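Numbering of ligands and ligand atoms starts at 1, following listing order. In this chain, numbering begins with 1 at the start of the sequence shown. Since this is a predicted model, take the numbers as computed values, not measurements. Note: hydrogens, waters and symmetry copies are ignored here, and every other heavy atom, side chains too, is used.
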Amino acid sequence: MGPSSSSSSLLALLSLILLLSPWVRVSSASGHDTFLQCLTTHAQHQSPISDAIFTPDNSTFLPTLNSYIRNSRFLTPATPKPLVIVAAKHKSHVQSTVVCAKQAGLEIRIRSGGHDYEGLSYISHHPFVILDLFNLRATTVDIASETATVEAGATMGELYHAIASKSNVHAFPGGVCPTLGAGGHISGGGYGTLMRKFGLSVDNVLDAEIVNVEGEILNKQQMGEDLFWAIRGGGGGSFGVILSWKIKLVKVPETVTVFEVERLIEEEATEIFLQWQGVTDKLDENLYIRLMLNSANGKDGLKTGKVSLGALFLGPANTLMEIINKHIPSLKLQKEDCSEMSWIESALFWANFPKGSTSEVLLDRAVRPNTFLKRKSDYVREPITESGLDAIWKAVMETERVGIVCNPYGGKMGQISETETPFPHRAGVKFKIQYSTTWKEEGEKEADERLNMINKLYEAMTPYVTKNPREAFLNYRDIDVGSSTHWNVGEGKVYGERYFKQNFERLVDVKTKVDPHNFFKNEQSIPTR
Ligand SMILES: Cc1cc2nc3c(=O)[nH]c(=O)nc-3n(C[C@H](O)[C@H](O)[C@H](O)COP(=O)(O)OP(=O)(O)OC[C@H]3O[C@@H](n4cnc5c(N)ncnc54)[C@H](O)[C@@H]3O)c2cc1C
Ligand SMILES: *[C@@H]1O[C@H](CO)[C@@H](O)[C@H](O)[C@H]1NC(C)=O
């Protein structure tokens with residue numbers, strides 16, 4: 001094609017788009033206008049709501065939409081866009097958005113930190129509005145009562161920073177990535193390196209404020225035990241909009257110790273895995289050791305396997321060395337591998353900030369280099385045998401660009417009953433697996449290859465993980481475990497029992513009671529009866 005013919009086909013394309021776009025607008029204009037009108041007239045806003053409303057006519061619409069998309073697979077022109085984004089600046093804006101979207105027949109998607117691996121917090125295939133909470137981000141830490149209040153749009157990094165700026169012996173057991181939003185992360189049962197000692201984020205929630213489907217603000221006492229139970233792990237987006245959490249802080253020592261080491265198969269990676277697996281859920285609950293299996297290049301240049309271990313110990317390096325030398329001797333851990341630091345420094349270490357960074361980096365919300373992601377999860381309750389591990393090594397080397405991340409359970413996790421919160425993966429779990437593949441190349445080809453690889457590895461892992469149901473972690477959202485189009489209990493059971501086991505039925509009861517017409521929904525939300 002010569003330049004003239006390509007520019008004329010471009011012209012044709014442009015006029016097609018111009019022809020089509022008014023039609024696209026008209027088809028959704030009514031709901032859209034009703035919604036905007038309702039927003040400006042509904043209730044008396046204590047703060048002007050127009051500053052919170054973004055439509056495609058605002059030049060800041062796309063940048064606002066994109067700034068909280070944490071998976072570049074959903075950062076394309078083809079990704080469905082909302083009609084409106086309401087970036088609530090006041091609780092009353094949240095109330096109005098719920099009431100008005102319901103009235104206008106529009107779906108809403110609720111977004112706090114935007115880390116949903118499948119983009120469910122900002123994508124819908126029906127006309128929709130994003131209720132964005134990034135402006136509601138206050139955190140108040142009260143060391144005297146060892147509690148904090150954190151608004152849904154605050155990040156875990158902001159929370160950790162706020163805690164550390166008041167105390168060097170307090171912490172909160174939340175996730176490792178500092179840009180996680182409190183709204184989605186905590187309601188999904190978020191966890192981090194303190195989980196073996198203190199359990200999940202939801203095990204340390206004291207109260208919450210939620211906007212229900214009627215647009216009312218309810219606290220724990222007003223919402224009742226059932227709803228308060230459901231939002232602590234049953235997932236955001238099914239029951240209402242979380243405005244804030246009141247959480248219990250936990251006590252950590254002034255000095256903690258971390259290490260990170262890697263070993264190839266020729267450096268006893270297999271023995272290390274087996275030793276780790278034998279003790280990881282039984283060790284001192286002050287010790288959390290994450291283990292990763294990856295494909296690597298051996299010293300001979302040939303493909304081989306590698307384990308990487310990262311640890312957080314709530315205590316000094318000497319004690320940590322004793323524990324490791326006794327239980328995982330093949331690691332040959334050296335004192336120089338260990339670094340003593342404060343808990344907040346360990347949070348920076350786990351988040352991969354360069355050594356010496358100050359905790360202010362935790363306040364940075366900017367998305368780092370755009371990456372494309374796919375994640376899946378599994379749970380392991382029976383030890384994997386050496387021959388099983390051989391097969392896994394083979395699969396890992398074949399599916400080269402997918403890693404297996406193993407997170408130890410036990411400790412506090414085993415002491416909390418499966419029905420205490422909707423999160424059911426408690427006693428008996430040795431470790432959880434995250435399958436992880438991350439890429440930078442645009443386009444379908446790389447994406448398809450990655451998805452094929454991760455599916456292949458997931459398939460190969462079937463014999464070694466839980467079955468009936470094959471348990472999955474809600475926060476590691478994976479659309480392949482099932483999805484709803486009609487939101488009936490039968491459809492919901494498919495993913496519901498994998499995420500919640502027997503708690504699914506109680507979640508359906510709560511949902512039916514608090515949102516009988518299923519206003520709060522996404523592809524994996526809890527259905528009504
Ligand atoms: C880089 C990265 C690292 C991660 N590390 C960890 C980790 O260490 N530990 C861990 O447990 N998980 C981790 N996750 C998973 C993460 O916890 C979940 O994706 C979590 O749901 C993110 O919450 P969010 O508010 O950032 O996401 P969002 O995408 O905003 O929301 C996730 C879900 O919650 C709903 N939701 C959000 N806010 C609200 C609200 N205020 N009220 C009601 N519903 C709401 C959304 O609609 C959506 O369904 C990680 C994810 C990423 C991308
Ligand atoms: C978007 O544009 C409208 C109309 O000009 C304006 O009222 C509103 O304040 C703008 N929104 C933001 C967030 O600036």
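- Checking only distances, I242 does come within under 3.5 Å of ligand 1, N or O to N or O.
- For ligand 1, the atoms sitting less than 4.0 Å from at least one non-hydrogen atom of G183 are 38 (N), 39 (C), 41 (N), numbered in the order shown with element in parentheses.
- Remark: ligand 1 atoms within the under-4.0 Å shell around heavy atoms of G190 are 11 (O).
- Each of the following atoms of ligand 1 lies closer than 4.0 Å to a heavy atom of F473: 11 (O).
- A heavy-atom separation below 4.0 Å is not found between Q524 and ligand 1.
- At a 4.0 Å cut-off, not a single heavy atom of A182 sits close enough to ligand 1 to count as contact.
- Heavy-atom distances between F239 and ligand 1 stay at or above 4.0 Å for every pair.
- Heavy-atom contacts of S121 reach the following atoms of ligand 1: 28 (P), 29 (O), 30 (O), 31 (O), 46 (C), 47 (O), 48 (C) (cutoff under 4.0 Å).
- When heavy-atom distances to ligand 1 are checked against a 4.0 Å cut-off, N522 comes that close only through its side chain, counted from C-beta outward.
- The line from OG of S238 to CG of D515 is 8.5 Å long, rounded to the nearest 0.5 Å.
- Under the 3.5 Å distance criterion, the side-chain polar atoms of D364 are left unmatched by any main-chain donor or acceptor of E360.
- Residues satisfying the salt bridge (Lys or Arg N to Asp or Glu O under 4.0 Å) criterion with R506, sequence neighbours excluded, are D226.
- Looking only at protein heavy atoms, the nearest one to atom 6 (C) of ligand 1 is L180 CD1, 3.9 Å.
- Selection from Y117, F134, Y122, W350 by nearest heavy atom to atom 53 (C) of ligand 1 gives Y117.
- Among protein heavy atoms, the minimum distance from atom 1 (C) of ligand 1 is reached at C177 SG, 3.8 Å.
- There is a side-chain donor-acceptor pair under 3.5 Å between Y379 and Y409.
- Looking from atom 24 (P) of ligand 1 to the surrounding protein, the closest heavy atom is G113 N, 3.5 Å.
- Ring pair F423/H425: centre-to-centre distance below 6.0 Å.
- The contact set between ligand 1 and A152, taken as ligand atoms under 4.0 Å from a residue heavy atom, comprises 41 (N).
- A donor-acceptor pair is defined here as one N or O able to donate and one able to accept, closer than 3.5 Å; such a pair exists between the side chain of T466 and the backbone of E471.
- Using modelled atom types and a 3.5 Å distance limit, the side chains of H126 and S124 yield no donor-acceptor pair.
- Atoms of ligand 1 found under 4.0 Å from any heavy atom of V241, numbered from 1 in the order shown, are 42 (N).
- Protein heavy atom closest to atom 19 (O) of ligand 1, with residue, atom name and distance, is H115 O, 3.2 Å.
- Looking at L133 against ligand 1, only its side chain comes within 4.0 Å, counting heavy atoms.
- The protein atom (non-hydrogen) at minimum distance from atom 18 (C) of ligand 1 is N475 O, 3.5 Å.
- Geometrically, ligand 1 and G189 share no nitrogen or oxygen pair separated by less than 3.5 Å.
- On a distance-only criterion, Y191 and ligand 1 share at least one N/O pair closer than 3.5 Å.
- Within 4.0 Å of ligand 2, contacts by protein heavy atoms are made from S50, D51, I53, F54, N58.
- With a 4.0 Å cut-off on non-hydrogen atoms, S112 touches ligand 1 through its backbone as well as its side chain.
- Ion pair E418/K501 flagged as a salt bridge, since at least one NZ, NE, NH1 or NH2 atom sits closer than 4.0 Å to an Asp/Glu carboxylate oxygen.
- Among residues two or more places apart in sequence or in another chain, the side-chain hydrogen bond (donor to acceptor under 3.5 Å, both in side chains) test is passed with Q95 by none.
- Residue contacts with ligand 1 include R111, since one of its heavy atoms falls under 4.0 Å from the ligand.
- For C406 against W276, the heavy-atom pair with the smallest separation is CB-CH2, 3.4 Å.
- Residues meeting the salt bridge (Lys or Arg N to Asp or Glu O under 4.0 Å) test with R477, sequence neighbours left out: D116.
- Side-chain contact of Y495 with E523: a donor-acceptor pair under 3.5 Å is absent, judged by distance alone.
- Pairing each heavy atom of P82 with each of F61, the nearest pair is O-CZ, 3.3 Å.
- Considering OG of S187 and CD1 of I242, their distance stands at 5.5 Å, rounded to 0.5 Å.
- At a 3.5 angstrom cut-off on N or O pairs, V176 counts as close to ligand 1.
- At least one heavy atom of G114 sits closer than 4.0 Å to an atom of ligand 1.
- The protein atom (non-hydrogen) at minimum distance from atom 46 (C) of ligand 1 is I110 O, 3.0 Å.
- Judged purely by atom type and a 3.5 angstrom limit, R196 uses its side chain to pair as donor or acceptor with the backbone of L283.
- A distance-only check finds no donor-acceptor pair linking the side chain of Q37 to the backbone of T34 [under 3.5 Å].
- Between S187 and ligand 1, no pair of N/O atoms sits closer than 3.5 Å.
- In the model, R401 has no side-chain atom that pairs as donor or acceptor with a side-chain atom of T437 under 3.5 Å.
- Counting heavy atoms closer than 4.0 Å to ligand 1, residue R109 contributes nothing at all.
- Between the side chains of T421 and R426, a donor-acceptor pair is found at a separation under 3.5 Å.
- Looking from atom 17 (O) of ligand 1 to the surrounding protein, the closest heavy atom is H185 ND1, 2.9 Å.
- Protein heavy atom nearest atom 32 (C) of ligand 1, with residue, atom name and distance: D116 OD2, 3.7 Å.
- In terms of modelled atom types and a separation under 3.5 Å, the side chain of E151 and the main chain of A138 share a donor-acceptor contact.
- A donor-acceptor pair is defined here as one N or O able to donate and one able to accept, closer than 3.5 Å; such a pair exists between the side chain of Y160 and the backbone of G174.
- Between G184 and ligand 1, at least one pair of N/O atoms sits closer than 3.5 Å.
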